[in-house]
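Take a look at the structure set out below.
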Number of protein chains: 2
Amino acid sequence: MRDFIERFEMGEENYLPHISIDCVIFGLSDDALKVLLLKVKDTESWVLPGGYVEKDESIEDAALHILRDRTGLSNIYLQQFNTTGSSGRSFPEDIKVICKSLGVKWTPDLWANKRFISIGYYALIDIEKCKPTGGDLDQEYSWIDMHRLPRLMMDHKDILLKAYESLKISLSNQPVGINLLPEKFTMPELQKMYEIILDKSIERSHFQKKMLRFDIFERLEERREGVPHKRPFLYRFDEKKYRDGVKKGARFDV
Amino acid sequence: MRDFIERFEMGEENYLPHISIDCVIFGLSDDALKVLLLKVKDTESWVLPGGYVEKDESIEDAALHILRDRTGLSNIYLQQFNTTGSSGRSFPEDIKVICKSLGVKWTPDLWANKRFISIGYYALIDIEKCKPTGGDLDQEYSWIDMHRLPRLMMDHKDILLKAYESLKISLSNQPVGINLLPEKFTMPELQKMYEIILDKSIERSHFQKKMLRFDIFERLEERREGVPHKRPFLYRFDEKKYRDGVKKGARFDV
DNA sequence: GCAAAAGTGTTTGATATACACCCATGC
DNA sequence: GCATGGGTGTATATCAAACACTTTTGC
């Protein structure tokens with residue numbers, strides 16, 4: 001694991017200047033879409049997990065490193081959604097607060113105070129598989145409901161909302177949402193996922209028929225056990241069938 | 001108009017380091033989707049119109065400046081589609097060739113040789129309204145058929161293909177294609193635009209019914225004159241109706 | 001008159017929507 | 001037994017796809 005604070009202090013030598021990576025990590029729990037946020041010590045403000053790009057590292061690898069540090073996961077579904085770079089995009093006052101919380105010396109001419117262009121990625125993960133950590137920063141972290149966001153530093157709320165819009169559009173045309181679920185899932189679970197993210201209710205019978213018509217889910221012999229009422233079948237996403245469908249020009253609109 | 005060569009020679013002082021903007025400018029002509037490319041003097045290679053970001057300029061403004069310089073147009077439909085930044089993304093040999101064609105001195109430690117992160121924008125324009133110029137570079141330019149691309153320098157072909165994929169996806173869900181047409185257009189013209197870009201034929205009657213059901217086009221009294229055969233009606237895009245439709249959750253899938 | 005393109009209508013099958021029915025489970 | 005959620009079936013409206021018919025224009 002990289003020692004972030006040490007590298008941060010020598011940021012001018014280690015990182016590409018003026019460029020940052022911000023990650024929006026989505027997960028599902030308690031029937032809600034959640035986002036992993038970090039609390040800045042001694043404040044009531046939160047930030048997105050983020051970092052910088054090493055001079056010999058791709059921007060995607062930089063995002064993957066951030067994700068691995070925060071979630072303990074590799075093999076993550078990752079999607080670049082937006083790069084934001086308005087002309088005066090620098091936040092020296094916020095950086096000051098963050099430096100204080102990290103125990104790092106802040107000066108007015110610190111490299112991190114400069115104007116930054118942020119490359120945004122969102123990740124979709126199965127929250128059960130994830131072991132979140134404060135990373136090297138030993139920060140407080142929390143999975144926070146998309147619809148009950150706290151105050152976020154810098155322009156991270158704008159970035160987060162853009163990620164959410166982007167996710168909704170993707171989910172409407174592609175079955176990316178399966179990355180939020182365990183490998184085996186039921187149709188009601190799949191439906192709930194769509195309903196939560198797209199924020200609308202879907203008719204049960206219609207949903208099942210549509211999904212099965214896509215012909216990208218394999219129904220298993222097993223059923224979900226240990227639940228009340230009738231036990232729903234388990235399904236598994238069939239990557240190959242999906243790719244074949246895409247090749248043939250099939251659509252997966254919800 | 002900015003003197004690009006002068007600013008390029010002092011690039012280290014004028015621009016954000018390691019960041020470039022590449023623009024894919026799409027237009028329609030001769031029943032084909034075309035892209036504005038610049039020919040590098042004394043070579044058989046082409047490049048995308050591009051540039052760098054001034055230290056006090058937003059990335060979107062940087063793209064708009066490039067577009068204005070190349071097309072003479074402002075008020076352009078502009079869409080950011082991808083940021084590419086693999087770890088070794090530097091092209092000193094290509095930069096050398098480009099410098100030569102610009103009449104600019106090249107050295108191995110030139111700022112432009114360094115690793116660059118490219119922010120990609122595509123623009124949709126009415127090719128008739130456009131007065132393309134080589135810009136300050138006095139380069140040869142050409143509208144080139146998307147399906148007959150020449151050799152492109154650096155990784156510009158990858159960038160171009162990503163822009164095209166992104167355009168196709170957008171066009172499948174949103175009526176962005178109207179930006180490629182004049183203000184007044186006929187249904188057959190609209191249909192042709194979809195057929196060209198999505199690279200598939202669409203049934204005439206079905207297309208008209210679907211488009212009119214969207215309820216975002218206003219049929220005018222006039223018809224397209226000076227054409228053989230029956231004269232088709234002219235239509236105009238109704239921005240307000242479209243926004244209302246989006247608000248109400250209407251879909252515009254083609 | 002003829003060919004070609006455009007507007008419109010018709011037919012058939014597929015999908016969307018709403019709802020009904022039965023089944024399995026925990027209490 | 002009863003409430004609840006899940007699987008499946010049915011009826012109707014809407015839409016997709018293919019095609020036919022009519023109109024309008026240039027030649």
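Since the model is a prediction, treat every value here as computed from it, not as a measurement. Protein chains get the first letters and strands the later ones, always in sequence-line order, with residue 1 at the start of each.
A perpendicular orientation is assigned to the rings of Phe214(A) and Phe252(A), their planes being inclined by more than 60° (bins at 30° and 60°). Using cut-offs of 30° and 60° on the angle between ring planes, the pair Phe217(B) and Phe185(B) is perpendicular. Classified by interplanar angle (parallel below 30°, tilted 30° to 60°, perpendicular above 60°), the ring pair Tyr122(B)/Tyr77(B) is tilted.
In the interface, the side chain of Ser205(A) is paired with the base of dG9(D) through a donor and an acceptor atom under 3.5 Å apart. Donor-acceptor pairing under 3.5 Å, judged by distance alone, is present between the side chain of Arg204(B) and the base of dA6(C).
Within 4.0 Å of Arg223(B), counting heavy atoms only, lies no atom of the nucleic acid at all.
Considering only side-chain atoms of Arg213(A), the nucleotide from dT15(C), dA20(C), dG7(C) that sits closest is dT15(C). Proximity note for His229(A) (side chain, C-beta onward) versus dG5(D), dG7(C), dA3(C): the nearest is dG5(D).
Considering only side-chain N and O atoms, Gln208(B) lies under 4.0 angstrom from the phosphate OP1 or OP2 of dG7(C). Here Arg231(A) does not reach the OP1 or OP2 of dC23(C): none of its side-chain N or O atoms lies under 4.0 Å away. Contact annotation: Lys209(A) side-chain N/O to dA16(C) OP1/OP2 distance is not under 4.0 Å. Residue Lys210(A) has no polar side-chain atom (N or O) positioned under 4.0 Å from OP1 or OP2 of dT15(C). Under 4.0 angstrom from either OP1 or OP2 of dA16(C) there lies at least one side-chain N or O belonging to His206(A).
Separating the CG atom of Leu212(B) from the C1' atom of dT14(D) is a distance of 17 Å, rounded to the nearest angstrom. Protein atom NZ of Lys192(B) is 14 Å distant from nucleotide atom C1' of dA6(C), rounded to whole Å. Rounded to a whole Å, the CD atom of Glu203(A) is 15 Å from the P atom of dG5(D). Regarding Gln191(A), its CD atom lies at a distance of 14 Å from the C1' atom of dT8(D), rounded to whole Å. dG5(D) atom C1' lies 17 Å from atom CD1 of Ile202(A), rounded to whole Å. Between the C1' atom of dT23(D) and the CZ atom of Phe233(B) lies a distance of 11 Å, rounded to the nearest Å. Distance CG (Leu190(A)) to C1' (dG7(D)): 16 Å, rounded to an integer number of Å. Distance Leu234(B) CG to dG7(C) C1': 14 Å, rounded to the nearest Å.
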Working note: Lys162(B) + Ser166(B), criterion side chain to side chain donor-acceptor pair (under 3.5 Å); need CA distance, chi angles, decisive distance, verdict. CA-CA 6 Å; Lys162(B) 274 211 170 178; Ser166(B) 187; over 6 Å; no
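Residue whose closest nucleotide on DNA chain C sits further toward the 5' end, between Arg219(B) and Gly226(A): Arg219(B). Each of Lys230(A) and Asp253(B) was assigned the nucleotide of DNA chain D with the nearest heavy atom; the assignment lying further toward the 5' end belongs to Lys230(A). The residue among Pro188(B) and Val227(A) whose nearest nucleotide of DNA chain C is located toward the 5' end is Pro188(B).
Ser172(B) and Lys168(B) form no side-chain donor-acceptor contact under 3.5 Å, judged by distance and modelled atom types alone.
In summary, Lys240(A) and Asp244(A) engage in a salt bridge, as defined by a charged side-chain N under 4.0 Å from a carboxylate O.
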